[in-house]
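Note sheet for the following structure.
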Amino acid sequence: MANLSTLKYKSDFLNIMEERGFIHQCTNFEELDKLLTSGKVTAYQGIDATAKSPHIGNLLPLTMLRWLHKCGHNVITLVGGGTTKVGDPSGKSELRQMRTEDEINDNINSIKEALTGLFDYNERTTMVNNDDWLSGLKYIEFLRDYGRHFSVNRMLSMDSVKLRLEREQPLSFIEFNYMILQAYDFVELYKEYDCRLQVGGSDQWGNIVNGVELGRRTENVELFGLTCPLLLNSAGEKMGKTANGAVWLKSDMLSPYDYWQYWRNCDDADVGRLLRYFTELPMDEIRRLENLKGAEINEAKKVLADEATAIIHGKAEADNARETAEKTFEEGGALSADLPVYEISRDALADGIPVFVLFKDSGLAASSGEARRLIKGGGARLNDEKIESDDMVISNQDFDGQDTIKLSAGKKRHILLKVS
């Protein structure tokens with residue numbers, strides 16, 4: 001819980017959010033604080049069903065929900081089975097790819113599986129699909145009852161719309177409707193589940209406010225919105241990308257080892273903030289860890305990686321990831337069966353493959369050019385031996401009777417190249 005000597009709010013939840021740096025904006029702090037101390041509150045966050053897993057860009061608001069649950073309240077993860085058919089224009093420069101009903105349903109099942117580390121779905125935690133009510137709407141009645149509450153002038157001023165228009169990038173009518181449907185979700189969740197609070201990233205502020213205002217106009221109720229900052233590093237750059245792509249929460253899209261390594265490799269300046277966001281350690285311990293200096297800060301990074309990985313993937317996977325890293329980095333670079341594996345056939349290696357191609361194809365480099373630069377800069381290794389030339393070719397003979405060799409990009413990123 002928050003430090004009692006510095007309490008700003010009456011509710012545990014808002015004090016925790018304040019102390020850990022989660023709060024960006026709120027529609028009404030004073031009244032939300034009163035609501036949170038008057039009994040159990042139900043809150044939700046929406047998640048698109050455009051992918052099979054959330055990524056760490058979604059993790060901040062999801063963690064807000066997790067803390068809310070720990071404070072005794074009820075939470076809903078709302079998957080956008082209906083709105084995914086439309087597409088959220090926020091932060092996008094073009095129309096999203098349309099997905100089939102089967103693809104959306106597969107994604108929803110996968111998303112729920114990815115969130116089981118964060119939430120124990122039970123009577124106080126539920127997942128809801130907005131397709132349950134959106135697909136059954138009658139268009140004319142919906143426009144009459146809800147569309148009339150939206151000013152086109154204001155909709156045109158929303159960042160998600162304004163930026164597309166300023167850049168002269170097309171904005172479809174179906175995307176233009178997204179903000180109305182998301183606002184309606186909030187009203188529907190209030191009517192069905194007495195949901196009074198929506199949390200989200202700061203980029204969702206406009207959409208959240210639309211829902212709050214729609215609730216006031218149609219249901220004469222005060223709903224609340226609470227946003228967290230976007231996940232940025234100390235240089236102001238968006239976090240959550242690696243050479244291999246997004247940092248997914250689902251283990252079959254990003255291994256627990258790679259997830260652990262992502263946090264282990266964070267910048268020194270970001271450690272304290274990430275410990276506040278993505279661990280549940282007491283604040284006194286976080287302050288101790290972030291004040292470590294020099295090489296000792298690496299211990300804080302390992303604690304961050306352990307704690308963050310344990311929440312998503314479980315303690316056993318976190319322990320296994322740390323052990324694998326220690327074997328790889330601290331015990332002379334020994335091969336470990338727990339490293340990520342890239343498989344290739346003996347037939348493909350029969351005539352040899354340029355090593356820079358293997359670095360690109362395995363995900364250790366984003367492109368052939370990046371792989372060549374890595375090798376020329378001395379940062380590429382084969383079984384811990386420096387690769388001297390980007391003209392080097394890997395063939396079956398390089399395996400020397402084994403079925404794996406290790407490729408390394410720098411000191412912290414490794415894969416096992418496995419021949420089959």
Side-chain angles (χ1 to χ4, degrees), residues 27 42-51 61 74-92 94-109 111-112 126-161 164 170-200 203-225:
T27 53
T42 299
Y44 87 99
Q45 183 207 350
I47 304 171
D48 270 338
T50 52
N74 305 323
V75 301
I76 296 171
T77 47
L78 177 71
V79 284
T83 42
T84 297
K85 299 173 184 177
V86 174
D88 181 1
S90 300
K92 301 294 180 290
E94 57 186 20
L95 179 65
R96 279 183 172 175
Q97 176 187 350
M98 292 298 177
R99 287 166 172 77
T100 67
E101 193 94 24
D102 287 343
E103 286 175 326
I104 291 171
N105 289 333
D106 286 346
N107 286 351
I108 289 171
N109 291 332
I111 288 168
K112 186 168 186 178
T126 186
M127 178 172 280
V128 177
N129 183 352
N130 66 10
D131 193 54
D132 292 346
W133 54 81
L134 293 181
S135 287
L137 289 176
K138 294 181 179 179
Y139 187 60
I140 299 300
E141 287 85 345
F142 178 71
L143 288 180
R144 179 195 63 203
D145 294 340
Y146 296 96
R148 63 189 178 90
H149 295 290
F150 289 81
S151 161
V152 171
N153 306 65
R154 182 175 178 187
M155 294 167 77
L156 289 171
S157 72
M158 302 279 285
D159 285 344
S160 59
V161 174
R164 291 273 281 273
L171 177 74
S172 71
F173 180 70
I174 192 172
E175 290 177 288
F176 195 60
N177 276 270
Y178 183 92
M179 63 185 75
I180 301 178
L181 297 178
Q182 182 170 328
Y184 179 70
D185 282 344
F186 203 169
V187 172
E188 186 69 25
L189 289 172
Y190 164 71
K191 291 193 292 187
E192 185 67 25
Y193 298 94
D194 193 29
C195 180
R196 299 284 301 277
L197 172 63
Q198 181 181 359
V199 302
D203 59 337
Q204 291 297 313
W205 176 249
N207 288 330
I208 292 173
V209 170
N210 281 337
V212 169
E213 293 185 352
L214 189 63
R216 176 174 53 81
R217 290 171 178 168
T218 63
E219 305 300 321
N220 194 31
V221 64
E222 183 170 15
L223 304 177
F224 298 91

Exercise. Verify, without hydrogens or angle tests, whether Asn129 (side chain) and Gly81 (backbone) share a donor-acceptor contact under 3.5 angstrom.
Key: yes
Practice problem: Return yes if some donor-acceptor pair links the side-chain N/O of Asn107 with the main-chain N/O of Ala49 below 3.5 Å, else return no. | Solution: yes
Inter-residue atom distance [X].[atom1] - [Y].[atom2], 0.5 Å rounding:
X	Y	atom1	atom2	result
Ile208	Gln182	CD1	CD	7.0 Å
Met127	Asn109	CE	CG	9.0 Å
Leu134	Tyr184	CG	OH	7.5 Å
Thr126	Ile76	OG1	CD1	6.5 Å
Leu197	Leu189	CG	CG	11.5 Å
Glu103	Thr50	CD	OG1	11.0 Å

Quiz item: What do the steps show when you test Arg196 against Val221 for side chain to side chain contact (heavy atoms under 4.5 Å, CB included), and what is the final call?
Solution: CA-CA 9 Å; Arg196 299 284 301 277; Val221 64; 3.8 Å; yes
Practice problem: Decide yes or no on side chain to side chain contact (heavy atoms under 4.5 Å, CB included) for Val128 and Tyr193, but give the supporting numbers first. | Solution: CA-CA 10 Å; Val128 177; Tyr193 298 94; 3.6 Å; yes
Quiz item: Any luck finding a side-chain donor-acceptor pair between Asp194 and Thr42 under 3.5 Å?
Solution: no
Quiz item: Of all residues at least two apart in sequence or in a different chain, which pass the salt bridge (charged side-chain N to carboxylate O under 4.0 Å, His left out) check with Glu101?
Solution: Lys85
Practice problem: Go through the steps to decide whether Glu219 and Val187 satisfy the test side chain to side chain contact (heavy atoms under 4.5 Å, CB included), and finish with yes or no. | Solution: CA-CA 8 Å; Glu219 305 300 321; Val187 172; 3.9 Å; yes
